[in-house]
Number of protein chains: 2
Amino acid sequence: MDTARSNKPDVFQAIADPTRRRLLRLLDEQEMPVTAISGHFTISRTAVSKHLHILADAGLVRERKVGRERRYKLDPEPLLELKRWLAYYERYWENKLSMLKHYVELEEE
Amino acid sequence: MDTARSNKPDVFQAIADPTRRRLLRLLDEQEMPVTAISGHFTISRTAVSKHLHILADAGLVRERKVGRERRYKLDPEPLLELKRWLAYYERYWENKLSMLKHYVELEEE
DNA sequence: CAGTTGTGAAACCATTTGGTTTCATTTCAT
DNA sequence: ATGAAATGAAACCAAATGGTTTCACAACTG
């Protein structure tokens with residue numbers, strides 16, 4: 001990790017880490033400051049902070065300064081890219097028959 | 001990478017790499033042997049082979065021996081986990097109003 | 001003003017990751 | 001049987017990743 005590099009904010013990369021997925025869930029429910037957030041994890045506050053920056057770089061989280069706190073909140077918008085990516089494969093399960101057909105072909109041949 | 005460890009076949013992890021996403025697309029269109037596949041990439045055949053094993057571990061790809069070749073083909077089933085994960089956030093864009101409301105709230109406060 | 005709280009930046013570190021090159025093995029072609 | 005083709009395993013490597021500890025600083029609380 002090291003530093004929060006604002007280089008390649010990749011959604012796929014961002015959600016690859018389980019801790020970050022948990023963070024997204026948490027911040028969907030409510031906006032929270034870093035210390036409160038890190039109370040939900042066993043890793044250090046600093047580590048959580050880094051994950052938050054990665055999520056922010058990917059646009060998955062919004063940051064807002066309130067006094068000395070820095071509150072984070074989910075921004076689901078970038079997940080649309082994932083949704084679009086997934087949509088390509090949608091035809092496989094858009095109906096049970098196509099799925100079945102797929103498996104039959106896999107088994108045969 | 002090093003070796004194809006059949007430890008934690010994580011879908012999120014598997015699709016995090018852009019090369020692997022390209023592989024999935026390619027193998028959706030047709031079943032192919034390793035050498036043919038690696039013709040589509042600039043990295044070495046061995047590297048492609050490793051990516052294929054990672055995808056296979058995640059269940060995203062099926063392997064079939066045919067003579068001296070080893071043919072790979074997409075198995076989209078594990079993508080359903082991703083779809084389910086994504087479904088949680090679905091309410092945000094299930095209608096334009098909820099999305100709009102979300103952004104307004106983000107801007108306000 | 002003095003002290004405490006909330007947070008990020010830096011410097012480190014071990015492990016994982018994506019790649020390469022080399023070698024061994026299996027299967028096909030002659 | 002002999003050689004070429006298709007592929008995985010091994011050993012190795014540089015860079016990225018996820019963590020930690022320490023330090024500095026801004027902003028509240030007395």
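Chain identifiers are assigned alphabetically (A, B, ...) following the order of the sequence lines, protein sequences preceding nucleic acid strands; residue numbering begins at 1 within each chain.
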Just verifying a value: how many Å separate [X] [atom1] and [Y] [atom2], rounded to the nearest 0.5 Å?
X       : Y       : atom1 : atom2 : value
A/Thr35 : A/Arg70 : OG1   : CZ    : 12.0 Å
A/Leu26 : A/Tyr72 : CG    : OH    : 13.5 Å
B/Asp10 : B/Ile15 : CG    : CD1   : 9.0 Å
A/Leu24 : A/Asp17 : CG    : CG    : 10.0 Å
B/Leu55 : B/Leu23 : CG    : CG    : 6.0 Å

Is B/Glu90 salt-bridged to A/Lys83, going by a charged N under 4.0 Å from an acidic O? yes
Whole-Å distance between [N] [atom2] and [X] [atom1]?
X       : N      : atom1 : atom2 : answer
B/Ile54 : C/dT16 : CD1   : P     : 13 Å
B/Arg21 : C/dG18 : CZ    : C1'   : 15 Å
A/Arg64 : C/dG6  : CZ    : C1'   : 15 Å
B/Leu23 : C/dG18 : CG    : P     : 12 Å
B/Asp57 : D/dA9  : CG    : P     : 11 Å
A/Arg71 : D/dA27 : CZ    : C1'   : 14 Å
B/Ile43 : C/dT20 : CD1   : P     : 6 Å
B/Glu69 : D/dA6  : CD    : P     : 7 Å

Distance check: side-chain N/O of [X] vs OP1/OP2 of [N], anything under 4.0 Å?
X       : N      : value
A/Arg70 : C/dG6  : no
B/Gln13 : C/dT16 : no
B/His51 : C/dG18 : no
B/Ser44 : C/dG19 : no

Side-chain-base donor-acceptor pair under 3.5 Å for B/Arg20 and C/dG18: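 Not at all, since no donor on one side and acceptor on the other fall under 3.5 Å apart.
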So, does the side chain of A/Lys50 form a donor-acceptor pair with the base of D/dG19 at under 3.5 Å?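 Side chain to base: pair found, below 3.5 Å.
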Categorize A/Phe41 for me: base, sugar-phosphate, or nothing, with a 4.0 angstrom heavy-atom threshold over every strand shown.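 Counting heavy atoms under 4.0 Å across all strands, no contact is made by A/Phe41.
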Could you check A/Leu52 against B/Arg68 and say which one's nearest nucleotide on DNA chain C is further toward the 5' end? A/Leu52
Nucleotide of [options] approaching [X] most closely (side-chain heavy atoms):
X       : options                : answer
B/Thr46 : D/dT7, C/dT20, C/dG8   : C/dT20
B/Thr35 : D/dA6, C/dG8, D/dG19   : D/dA6
A/Lys65 : C/dT27, D/dA27, C/dT17 : D/dA27
B/Tyr72 : C/dG18, D/dG8, C/dT7   : D/dG8

Taking the nucleotide of DNA chain D with the closest heavy atom to each, which residue, A/Arg45 or A/Thr42, is nearer the 5' end? A/Thr42
Between A/Val66 and A/Asp17, which is nearer to the 5' end of DNA chain D once each is assigned its nearest nucleotide? A/Asp17
